[in-house]
Amino acid sequence: MNNVYTHGHHESVLRSHRWRTAENSAGHLLPHLRPGMTLLDVGAGPGTITADLARLVEPGRTTALEANAAALDITRRAFETVDVDVEFVVGDVHALDLPDDTYDVVHAHQVLQHVADPVQALREMRRVCKPGGIVAVRDSDYHGFVWHPALPELDEWMELYQRMARANKGEPDAGRRLLAWAHAAGFEQVEATTSTWAFTNPEDRAFWGGMWADRILGSALADQARAAGVPEKTLTAISAAWQQWTADPDGWISILHGELLCTA
């Protein structure tokens, strides 16, 4: 299946993805990793989480998978200066060109919200996971985001993102649906939890708000919005609101995630 990745690979997007680590983005999985495990990371992106996971399972083999060659090149470049052994593969998570029962762990972070059929994606992740192995997923839930102060332009940002993501056949509120999708995919043993990112101090606000102030003007999301007829003044106002939020000493945001550990 062809998926449109709503965010694209603009610098502002990669800036946020490179902030992610196994510690801040895969904490639900870390206690279950052991040296010698084989691991598949679906949607590896710029590879920061992948590298952390690979170190934890060495000397086990880690495979980084991306949807196309251009995206995988971003992953490859990230490992040019990282001393860890990773295999790089292009593939569609709906139909993985990988053998059954291959990996002890199959991991995907912020992937299922962007795919056309998340249930089929989970079926494939289960198929390539060894019996008794772990399929671990984590996805944000946009309508579960909470922020202060209440700026009308940030409500516009949320409405716009929801509309653009759904036009791409994505599900921006994936976090709350993960458990249902796992059950539909045939998993019987599923541990479902939640966790959050919180950006509350000046440095964190500068990172998150600055990133979105740039992203709403320069990323694939911005291009899609313009093509859909969203006025430039709307995008500029949203960008300015993120800058206003960043500068507010009381600015605060909590980013909700759903997460699963599924036994294959």
Side-chain angles (χ1 to χ4, degrees), residues 5-27 43 45-49 52 74 78 109-110 113-114 138-168 170-176 194-259:
Y5 181 45
T6 300
H7 298 293
H9 298 93
H10 185 262
E11 181 278 330
S12 59
V13 177
L14 295 179
R15 188 192 320 163
S16 68
H17 291 180
R18 290 185 178 115
W19 168 85
R20 299 171 182 172
T21 65
E23 183 178 4
N24 67 31
S25 300
T48 49
I49 299 175
D52 286 347
I74 295 171
H109 187 264
Q110 313 290 17
Q113 63 187 280
H114 297 295
R138 184 174 189 256
D139 272 90
S140 54
D141 192 306
Y142 273 73
H143 272 138
F145 294 7
V146 181
W147 61 80
H148 178 83
L151 302 174
E153 296 85 357
L154 296 190
D155 292 334
E156 282 192 81
W157 163 77
M158 175 61 72
E159 187 280 329
L160 175 63
Y161 183 79
Q162 291 274 341
R163 183 155 50 95
M164 295 298 100
R166 294 181 190 284
N168 292 333
E171 176 46 77
D173 298 334
R176 70 190 67 187
T194 66
S195 61
T196 60
W197 293 331
F199 300 95
T200 59
N201 61 45
E203 293 77 18
D204 288 347
R205 283 196 303 275
F207 165 72
W208 187 258
M211 176 271 296
W212 267 110
D214 293 343
R215 192 189 289 201
I216 199 64
L217 296 178
S219 70
L221 171 65
D223 294 340
Q224 182 185 356
R226 292 183 183 105
V230 176
E232 191 67 28
K233 65 180 182 181
T234 298
L235 301 180
T236 301
I238 293 172
S239 179
W242 277 115
Q243 293 168 340
Q244 179 182 348
W245 177 84
T246 296
D248 191 324
D250 298 326
W252 179 97
I253 192 167
S254 174
I255 308 296
L256 176 68
H257 295 84
E259 51 199 24

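- The list of side-chain hydrogen bond (donor to acceptor under 3.5 Å, both in side chains) pairs with a residue in residues 223-245, not counting sequence neighbours, reads Asn168-Gln224, Asp223-Arg226, Arg226-Glu232.
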**OP:** Apply side-chain contact (heavy atoms from CB on, under 4.5 Å) to the pair Arg138 and Ser195, showing each step before the final yes or no.
**Re:** CA-CA 9 Å; Arg138 184 174 189 256; Ser195 61; 2.9 Å; yes
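- Partners of Glu153 by side-chain hydrogen bond (donor to acceptor under 3.5 Å, both in side chains), not counting sequence neighbours: none found.
- Among pairs with a residue in residues 206-222, those fulfilling salt bridge (Lys or Arg N to Asp or Glu O under 4.0 Å) read Arg15-Asp214, at least two apart in sequence or across chains.
- The six-membered or imidazole ring of His9 lies away from that of His17, with a centre-to-centre distance of 6.0 Å or more.
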Please tabulate, for the side chains in residues 143-151, all donor-acceptor contacts under 3.5 angstrom to protein atoms that are two or more places apart in sequence or on a different chain.
| unit_1 | atom_1 | unit_2 | atom_2 | d |
| --- | --- | --- | --- | --- |
| His143 | ND1 | Gln162 | NE2 | 3.4 |
| His143 | ND1 | Asp173 | OD2 | 2.7 |

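- Here the OG1-CZ distance, from Thr200 to Arg205, works out to 7.5 Å after rounding to the nearest 0.5 Å.
- Nearest heavy-atom pair, Ala22 versus Asp52, reported as atom, atom and distance to 0.1 Å: N-OD2, 3.0 Å.
- Residues passing the side-chain contact (heavy atoms from CB on, under 4.5 Å) test with His10 are Ser12, Val13, Ser219, sequence neighbours excluded.
- With sequence neighbours left out, Glu159 forms a side-chain hydrogen bond (donor to acceptor under 3.5 Å, both in side chains) with Arg163.
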**OP:** Apply side-chain contact (heavy atoms from CB on, under 4.5 Å) to the pair Ile253 and Trp212, showing each step before the final yes or no.
**Re:** CA-CA 13 Å; Ile253 192 167; Trp212 267 110; over 6 Å; no
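- Side-chain contact annotation: Gln110 with His257, donor-acceptor N/O pair under 3.5 Å present.
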